[in-house]
Amino acid sequence: MTKNDKAQARKRQERAMKKRGKDVVRHRTRSSTILSENTIQHQMLGEFGSVENFIRNMRRLGELFREDESLKTLRFDAAAIYAKLDLAEAKTNAALRDFYSNDDFTYFAEEFEEFWKERRGEILPDLVNDERANEIERIFKVLMQKKKGFKKDYRAVLAGHLLIQSHQLARNETPIAENNLWEMMFNATIKENKVELPEPRPEEPKEAETEADAVAPVDAAPDASEPPAAD
């Protein structure tokens with residue numbers, strides 16, 4: 001990949017992350033959790049100022065996911081994820097090959113954004129529970145204390161802590177697939193547990209129209225100029 005190709009890939013990644021990040025910092029107004037959840041949303045905006053700054057800190061959090069021992073534990077069961085993916089299906093196969101091409105936990109090509117959102121929506125509800133969420137919140141609280149003297153790391157950890165708090169307050173309102181923290185854990189699990197992919201299965205051609213399905217031609221109306229047949 002050339003330097004120009006890498007720059008273009010980074011721009012596409014940033015556009016995709018910006019689009020996803022807007023879901024995190026948007027002002028929600030639903031349910032009885034409105035006051036507490038909006039407090040978190042306003043705290044996000046107060047801490048990071050913009051979606052771009054939030055994304056920058058999420059990228060650093062992705063790096064900490066590799067470096068910090070406590071964050072290295074935040075992974076799902078890879079076998080459980082792969083069991084629900086058809087590795088030979090053309091779209092899935094292409095999306096995974098793209099996923100494997102970049103080890104950044106925040107990366108996937110913009111063209112696969114909806115695909116992965118749908119897959120997370122199908123898979124994560126079986127992997128996320130209250131016990132896991134409580135343990136993750138505890139880990140972030142401890143890590144925030146440890147990182148207080150390191151501004152860059154502290155703000156990255158703060159982003160993760162606000163995301164898990166947002167989940168805790170709106171777990172029945174906001175789809176799991178839209179929470180960037182669960183997304184990062186999902187990405188990390190797949191990227192750290194790559195499997196050998198089969199050749200993609202050829203897409204089945206559309207069935208040719210059968211004679212039974214074809215619309216029969218309408219009989220032409222008799223020519224009015226011709227005399228009626230004699231009895």
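Just so you know, these numbers use all the heavy atoms, side chains as well, and skip hydrogens, waters and symmetry mates. Fair warning: this is a prediction, and the values are worked out from it, not measured in the lab.
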**Item:** Test side chain to side chain donor-acceptor pair (under 3.5 Å) applied to D77 - qualifying residues, sequence neighbours left out
**Value:** none
**Message:** Quick check: do E178 and E183 have side-chain heavy atoms less than 4.5 Å from each other?
**Reply:** no
**Asked** Yes or no on side-chain contact (heavy atoms from CB on, under 4.5 Å) for I136 and W182, after CA distance, side-chain angles and deciding distance?
**Response** CA-CA 11 Å; I136 290 173; W182 299 125; 3.5 Å; yes
Which atom pairs, donor and acceptor, lie under 3.5 Å between side-chain atoms of residues 146-153 and protein residues at least two apart or in another chain?
residue, atom, partner, partner atom, Å
D153, OD1, R60, NE, 2.8
D153, OD1, R60, NH2, 2.9

**Asked** What pairs meet the salt bridge (charged side-chain N to carboxylate O under 4.0 Å, His left out) rule with one or both residues in residues 190-199, with sequence neighbours excluded?
**Response** R75-E192, D103-K194
**Prompt:** Just wondering, are more than 12 heavy atoms of other shown residues or ligands nearer than 6.0 Å to CD in E203?
**Reply:** no
Give the table of side-chain donor-acceptor pairs shorter than 3.5 Å for residues 154-163, with sequence neighbours excluded, one pair per line with atom names and distance.
residue, atom, partner, partner atom, Å
R155, NH1, E47, O, 3.1
R155, NH2, E47, O, 2.7

**Message:** How long is the straight-line distance from CG of L127 back to CD1 of I176, given to the nearest 0.5 Å?
**Reply:** 9.0 Å
**Request:** Looking only at non-hydrogen atoms, find the nearest pair between F65 and A188 and report the distance.
**Result:** CD2-CB, 4.5 Å
**Request:** Measure the CG-CD distance between N134 and E131 for me, rounded to the nearest 0.5 Å.
**Result:** 8.0 Å
Extract all donor-acceptor atom pairs below 3.5 Å that involve side chains of residues 89-100 and protein atoms in other chains or at least two apart in sequence.
residue, atom, partner, partner atom, Å
E89, OE1, K91, N, 3.2
E89, OE1, T92, N, 2.7
E89, OE1, T92, OG1, 2.8
E89, OE2, K91, N, 3.2
N93, OD1, R97, NE, 2.5
N93, OD1, R97, NH2, 3.4
N93, ND2, L87, O, 2.8
N93, ND2, P198, O, 2.9
R97, NH2, P198, O, 2.9
D98, OD1, Y107, OH, 2.6
D98, OD2, A109, N, 2.9
Y100, OH, Y82, OH, 2.6
Y100, OH, V195, N, 3.1

**Prompt:** Looking at residues at least two apart in the chain, or sitting in another chain, which of them share a side chain to side chain donor-acceptor pair (under 3.5 Å) with R132?
**Reply:** none
**Item:** T73 and I139: CA distance, side-chain angles, deciding distance, side-chain contact (heavy atoms from CB on, under 4.5 Å) verdict
**Value:** CA-CA 10 Å; T73 67; I139 288 173; 3.9 Å; yes
**Item:** From I81 atom CD1 to D126 atom CG, the distance as rounded to the nearest 0.5 Å
**Value:** 11.0 Å
**Request:** Could you check L74 against F140 for side-chain contact (heavy atoms from CB on, under 4.5 Å), going step by step and ending with a plain yes or no?
**Result:** CA-CA 11 Å; L74 303 188; F140 275 111; 4.2 Å; yes
**Asked** Atom CZ of F115 and atom CZ of F108: how far apart are they, to the nearest 0.5 Å?
**Response** 11.0 Å
**Message:** Is the shortest side-chain heavy-atom distance between V128 and H167 below 4.5 Å?
**Reply:** yes
**Request:** Working to the nearest 0.5 Å, report the span between CG of L143 and CG of L71.
**Result:** 5.0 Å
**Complete:** Contacts of E122 meeting salt bridge (charged side-chain N to carboxylate O under 4.0 Å, His left out) (sequence neighbours excluded), chain-then-number -> R119
**Contact check, side chains of F105 and T189, non-hydrogen atoms, under 4.5 Å** = no
**Request:** Hey, could you give me the CG/CE distance between N180 and M58, rounded to the nearest 0.5 Å?
**Result:** 5.0 Å
**Request:** Using the test salt bridge (charged side-chain N to carboxylate O under 4.0 Å, His left out), find all partners of E135 that sit at least two apart in sequence or belong to another chain.
**Result:** R138
**Asked** Quick one: side chain to side chain donor-acceptor pair (under 3.5 Å) partners of S70, sequence neighbours excluded?
**Response** D68
**Asked** Under the side chain to side chain donor-acceptor pair (under 3.5 Å) test, which residues partner R66, sequence neighbours left out?
**Response** none
**Prompt:** Hey, quick one: are L197 and I123 part of the same hydrophobic cluster, counting side-chain heavy atoms closer than 4.5 Å, chains of contacts allowed?
**Reply:** yes
**Complete:** Here the pair of heavy atoms bringing P125 nearest to R120 is CD-O, 3.7 Å
